[in-house]
Asks: 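My questions will all concern the structure given below.
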Amino acid sequence: MTITDTTPRLQAPPGPLRRLLGKQPFGLGLALPYIIFLATVMAYPLIYAVYISFFDYVFTAPGMHIDHPFVGLENYRTALTDPRVLESFRNIAVFLVINVPLTVILSMVFASALNAVTRWAAAFRIAFYVPYVTASVSLIGVWMLLFSQSGLVNTILGPLAPDPSWLVNDALAMPSIALYVTWKQLGFYILLYLAALQNVPKELYESASTDGAGIVHRFRHITVPSLRATTMLVLILSIITGANLFTEPYLLTSGGGPDGASTSPVLMIYQKGIQQGNPDVASAIGVLLVILVGALSLASTRLTKES
Amino acid sequence: MTTRTRTRIALYVLLALAALVFIFPFYFMIVGALQENPTTTPAGMFPTGGWTLENFANINERLPLLRALLNSVVFTAGVLLGTLTFGLAAGYALSRLHWRGRGVLFVVMLGVQMVPFQLLMIPLYVQVAGSYGLGDTYAGMILPFFINTTAVFIFRQFFLALPEEMFEAARIDGAGELRVLWSIAIPLVRPAIATVVLITFIGPWNEFLWPFLITKDASMQPLAVALANYISNIAQTVANPNGAILAGACALALPVVLLFCLFQKYFTASDIGAGVKG
């Protein structure tokens, strides 16, 4: 296609084609690769995942055909009666209870502080963002050493060091992961809050200041209410990120250890679906996880709207 | 001292302490990677001697470091290519052109942001490794990330902010749609391209789960996967395992950290915030 081909066409000619494709069908052409991408990589696998979860499904070699009988809710029953699966969902609950409030509070406080200072602001921002842009695999290597039995943290704590150590202690493994993820992701949420803070009119703070309102008062009565929409977004995104936990329990606590105390549903999906060859049960866990995330997101939307 | 100055000092102290907590693991990583025998005592954090590059050589002996680096580069470049061509085109079509299905596509994009990749993992694995036979290939690695949806949002947001008169004038002057896109729209969104490169880069470069699933052949594994294997299996067998782990962590982290520090002004709140919120 040459450029002159499209020159005379400011708009598609009137007629059935225009009615079918809209005013500028060129737009459909430009978006087509992306539409095909979404259809093959998102829509189709999504439908396929839900489909597999209702059938007795096994992986087959290419060219082989095996019947996949419909089994109704059998895969869901298998998943929900497996104590390891239930434990992984309980672990995620522990994770979210620690990670989500910490994330919301810390990112809001740091973003407001960053917004209030002018000098060194860029340096502070870089410090907060760097863990977010760095690969989890390399940061996990560092945290493993910091929190190991004879690591720096325990050396500093001395007699106060937990025994067994953080990552091999079944009561502390999941909270340690939750703290790690809070630290790793916080920069991204600070970024979101900073964007929102730019839309809060400066006059609000100035007039409150002249009225003698202290910094805590201004934070509670101006900053927190103005950021409600962003808080909702931060809640939802941190719930989604938390529910999708995989790399951290896989590497930091060597596969959800000790003894399953830090497994996550996605780790279960991996173990059941790919290691043990039960994609049907794995898909059922995935569907349950998405329903749970959807319900939690909806609840947090309600919560931020009401309060 | 007035209340105002005191508040200001308190803010700086808070930020400085927090920044130290955020940066410290990186300091620990770099210092430890260059030490013959990284210690875990607080005093050992400020070594005066014992510097070495041995740790990097050790990893290179046990895993094909350059090959893994090359795999990461190809994986990341493929995703950047897809996002900067098709993602940009889609962002333009979604913001500046009127065609049937535009509204539907936008709603689907918002929905896609909510679907966790992990749910799609099993069917994608069956599809890509099974049906398409793309296991252990770059194409299979790149495919699920080929066009970054957040980048499409950011492009759309930038194109929306351009004044409509500019486009009308060009069209009245007889410029075709392709020409309007190429000569007017793209040059004006250059800052968006820098932002998109930065946020798209960190995705595939840091991604672990998908390349981990799709590559069984060690020579096809990107750095993150090779390094994870190294950390969990091999590091314990070398003379200085801690130093080796930290050196590997450095090799994976440094390219992104450098890129980020160089281009951090494009990693601004307004650009990305707008992209995420649609």
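Quick note on labels: first sequence line is chain A, next is B, and so on, each numbered from 1. Below, all heavy atoms of this structure are taken into account, side chains as well, without hydrogens, waters or symmetry copies.
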Asks: If I measure from the heavy atoms of chain B, does Ile240(A) come under 4.5 Å with its side chain, its backbone, both, or neither?
Replies: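 Side chain only.
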Asks: Using heavy-atom distances under 4.5 Å, tell me whether Leu213(B) contacts chain A through its side chain, its backbone, both, or neither.
Replies: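 Contact with chain A involves the side chain of Leu213(B) alone.
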Asks: Identify the two heavy atoms, one from Gly27(A) and one from Leu97(B), that lie closest to each other, and give their separation to 0.1 Å.
Replies: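 Smallest heavy-atom distance, with atoms named: CA-CD1, 3.4 Å.
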Asks: Do Trp99(B) and Leu30(A) come close enough that some side-chain heavy atom pair is under 4.5 Å?
Replies: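 No. Closest side-chain heavy atoms not under 4.5 Å.
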Asks: At a heavy-atom separation under 4.5 Å, does Phe110(A) approach chain B through its side chain, its backbone, both, or neither?
Replies: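 Contact with chain B: backbone and side chain both.
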Asks: Given the options Ala253(B), Pro25(B), Cys250(B), Ala18(B), which has more heavy-atom pairs under 4.5 Å with chain A than any of the others?
Replies: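 Highest number of pairs under 4.5 Å: Pro25(B).
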Asks: Who are the side chain to side chain donor-acceptor pair (under 3.5 Å) partners of Tyr193(A), not counting sequence neighbours?
Replies: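 With sequence neighbours excluded, Tyr193(A) shows a side chain to side chain donor-acceptor pair (under 3.5 Å) to Thr231(A), given in chain and number order.
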Asks: I'd like a table of donor-acceptor pairs (distance under 3.5 Å, sequence neighbours excluded) in which one partner is a side-chain atom from residues 119-131 of chain B, with atom names and distances.
Replies:
from      : atom 1 : to        : atom 2 : distance (Å)
Gln127(B) : NE2    : Thr40(A)  : O      : 3.4
Gln127(B) : NE2    : Tyr132(B) : OH     : 2.9

Asks: Counting heavy-atom pairs under 4.5 Å with chain B, which one of Ile285(A), Leu197(A), Val109(A), Val137(A) comes out on top?
Replies: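 Of the candidates given, the most pairs with chain B belong to Val137(A).
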Asks: Does the ring center of Phe86(B) lie less than 6.0 Å from the ring center of Tyr34(A)?
Replies: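 No: the rings miss the under 6.0 Å criterion.
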Asks: Given heavy-atom pairs under 4.5 angstrom as the criterion, report whether the side chain, backbone, both or neither of Arg8(B) touches chain A.
Replies: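 The answer is the side chain of Arg8(B).
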Asks: Would you check, one step at a time, whether the test side-chain contact (heavy atoms from CB on, under 4.5 Å) holds for Val130(A) with Phe22(B)?
Replies: CA-CA 8 Å; Val130(A) 159; Phe22(B) 274 71; over 6 Å; no
Asks: Drop me the distance from Ile245(B)'s CD1 to Met144(A)'s CE, to the nearest 0.5 angstrom.
Replies: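 Nearest 0.5 Å value for the CD1-CE distance: 5.0 Å.
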Asks: Of the listed residues (Cys261(B), Gly133(B), Ala16(B)), which shares the most heavy-atom pairs with chain A below a 4.5 Å separation?
Replies: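 Most heavy-atom pairs under 4.5 Å with chain A: Ala16(B).
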Asks: Which bit of Val142(A) comes within less than 4.5 Å of chain B, counting heavy atoms only: side chain, backbone, both or neither?
Replies: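 When you check distances to chain B, atoms from both the backbone and side chain of Val142(A) fall under 4.5 Å.
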Asks: Need one label for Leu38(A): side chain, backbone, both or neither, based on atoms under 4.5 Å from any heavy atom in chain B.
Replies: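 Contact with chain B involves the side chain of Leu38(A) alone.
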Asks: Search all heavy atoms of Gln24(A) against all heavy atoms of Arg96(B) and return the closest pair with its distance.
Replies: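 For Gln24(A) and Arg96(B), the tightest heavy-atom pair comes out as OE1-O, 4.1 Å.
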Asks: So what's closer than 4.5 Å to chain B heavy atoms on Ser254(A): side chain, backbone, both or neither?
Replies: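 Neither part; nothing is under 4.5 Å.
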Asks: Looking at Ala19(B) and Phe128(A), what are the two nearest heavy atoms and their distance?
Replies: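 Heavy atoms of Ala19(B) and Phe128(A) come nearest at N-CE2, 4.1 Å.
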Asks: Grab the two heavy atoms, one from Val133(A) and one from Asn206(B), that are nearest each other, plus how far apart they are.
Replies: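 Shortest heavy-atom separation between Val133(A) and Asn206(B) comes out as O-ND2, 2.8 Å.
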Asks: Just verifying a value: how many Å separate Ser138(A) OG and Phe26(B) CZ, rounded to the nearest 0.5 Å?
Replies: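 Rounded to the nearest 0.5 Å, the OG-CZ separation comes out at 7.0 Å.
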Asks: Which heavy atom of Pro144(B) sits nearest a heavy atom of Val41(A), and at what distance?
Replies: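 So the minimum-distance heavy-atom pair works out to CA-CG1, 3.5 Å.
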Asks: Give, as side chain, backbone, both or neither, the part of Ile140(A) having an atom under 4.5 angstrom from any heavy atom of chain B.
Replies: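 No part of it gets close to chain B.
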Asks: Name the region of Tyr92(B), side chain, backbone, both or neither, that has any atom closer than 4.5 Å to a heavy atom of chain A.
Replies: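 Just the side chain, heavy atoms under 4.5 Å.
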Asks: Which answer fits Leu105(B), side chain, backbone, both or neither, if we ask what part of it has an atom under 4.5 Å from a heavy atom of chain A?
Replies: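 Only the side chain of Leu105(B) comes within 4.5 Å of chain A.
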Asks: With chain A, which of Leu143(B), Val257(B), Val108(B) has the greatest number of heavy-atom pairs at distances under 4.5 Å?
Replies: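 Option with the top pair count is Leu143(B).
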Asks: Side chain, backbone, both or neither: which part of Phe37(A) has a heavy atom under 4.5 Å from chain B?
Replies: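 Looking at Phe37(A), just its side chain touches chain B.
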Asks: Where does Ile47(A) contact chain B at under 4.5 Å (heavy atoms): side chain, backbone, both or neither?
Replies: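 Neither; nothing under 4.5 Å.
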Asks: Go through Leu32(A), Ile274(A), Val287(A) and name the one with the most non-hydrogen pairs under 4.5 angstrom from chain B.
Replies: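 Option with the top pair count is Ile274(A).
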Asks: Is the side chain of Tyr270(A) donor-acceptor paired with the backbone N or O of Leu209(B) at a distance under 3.5 Å, no angle test?
Replies: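 Side chain of Tyr270(A) to backbone of Leu209(B): no pair is present.
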Asks: Examine whether an atom of Ile190(A) lies under 4.5 Å from a heavy atom of chain B, and if so say whether it belongs to the side chain, the backbone or both; otherwise answer neither.
Replies: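 Neither part.
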Asks: Where on Val225(B) is there a heavy atom nearer than 4.5 Å to chain A: the side chain, the backbone, both, or neither?
Replies: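 Neither part; nothing is under 4.5 Å.
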Asks: At a 4.5 Å cut-off on heavy atoms, which part of Leu251(A) comes close to chain B: side chain, backbone, both, or neither?
Replies: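 Side chain only.
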Asks: What distance do Phe188(A) atom CZ and Ile202(B) atom CD1 have between them, rounded to the nearest 0.5 Å?
Replies: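 The CD1 atom of Ile202(B) is 9.0 Å from CZ of Phe188(A), to the nearest 0.5 Å.
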Asks: Any idea which of Ile147(B), Leu252(B), Val256(B), Leu14(B) has the most non-hydrogen atom pairs under 4.5 angstrom with chain A?
Replies: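 Option with the top pair count is Ile147(B).
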Asks: Chain A heavy atoms under 4.5 Å from Leu181(B): which part of the residue, side chain, backbone, both or neither?
Replies: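 Side chain only.
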Asks: I need the residue from Gly82(B), Ala224(B), Gly32(B) with the largest number of non-hydrogen atom pairs under 4.5 Å to chain A.
Replies: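 Sorted descending by pairs with chain A, the first entry is Ala224(B).
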Asks: Where on Ala49(A) is there a heavy atom nearer than 4.5 Å to chain B: the side chain, the backbone, both, or neither?
Replies: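 Ala49(A) touches chain B through backbone and side-chain heavy atoms alike.
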Asks: Pick from Pro131(A), Ala122(A), Gly286(A), Ala282(A): which one has the most heavy-atom pairs with chain B under 4.5 Å?
Replies: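 Of the candidates given, the most pairs with chain B belong to Pro131(A).
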Asks: Within this structure, what is the CG-CZ distance for the pair Leu146(A) and Phe28(B), rounded to the nearest 0.5 Å?
Replies: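 Going from the CG atom of Leu146(A) to the CZ atom of Phe28(B) covers 4.5 Å.
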Asks: Need one label for Val180(B): side chain, backbone, both or neither, based on atoms under 4.5 Å from any heavy atom in chain A.
Replies: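 Neither; nothing under 4.5 Å.
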Asks: For Ala251(B), is it the side chain, the backbone, both or neither that has a heavy atom under 4.5 Å from a heavy atom of chain A?
Replies: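 Nothing of Ala251(B), per the 4.5 Å heavy-atom cut-off to chain A.
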Asks: Dump the intermediate steps for side-chain contact (heavy atoms from CB on, under 4.5 Å) on Leu15(B) and Trp120(A), then the final yes or no.
Replies: CA-CA 10 Å; Leu15(B) 284 171; Trp120(A) 293 87; over 6 Å; no
Asks: Between Trp182(B), Phe146(B), Tyr12(B), Trp205(B), who has the most heavy-atom pairs with chain A when the cutoff is under 4.5 Å?
Replies: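 Answer, by heavy-atom pair count under 4.5 Å with chain A: Tyr12(B).
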Asks: Which heavy atom of Ala116(A) sits nearest a heavy atom of Leu11(B), and at what distance?
Replies: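 Closest heavy-atom pair between Ala116(A) and Leu11(B): CB-CD1, 3.7 Å.
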Asks: Can you tell me how the ring of Phe246(A) sits relative to the ring of Phe212(B), calling it parallel under 30°, perpendicular over 60° and tilted otherwise?
Replies: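 The rings of Phe246(A) and Phe212(B) sit tilted, inter-plane angle from 30° to 60°.
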Asks: Supply the atom-to-atom distance Leu145(A) CG to Met29(B) CE, rounded to the nearest 0.5 angstrom.
Replies: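 If I round to the nearest 0.5 Å, the distance is 11.5 Å.
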Asks: Please state whether the side chain, the backbone, both or neither of Ile269(A) comes within less than 4.5 Å of a heavy atom of chain B.
Replies: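 Both backbone and side chain.
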Asks: Val293(A) versus chain B, heavy atoms under 4.5 Å apart: side chain, backbone, both or neither?
Replies: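 Looking at Val293(A), nothing touches chain B.
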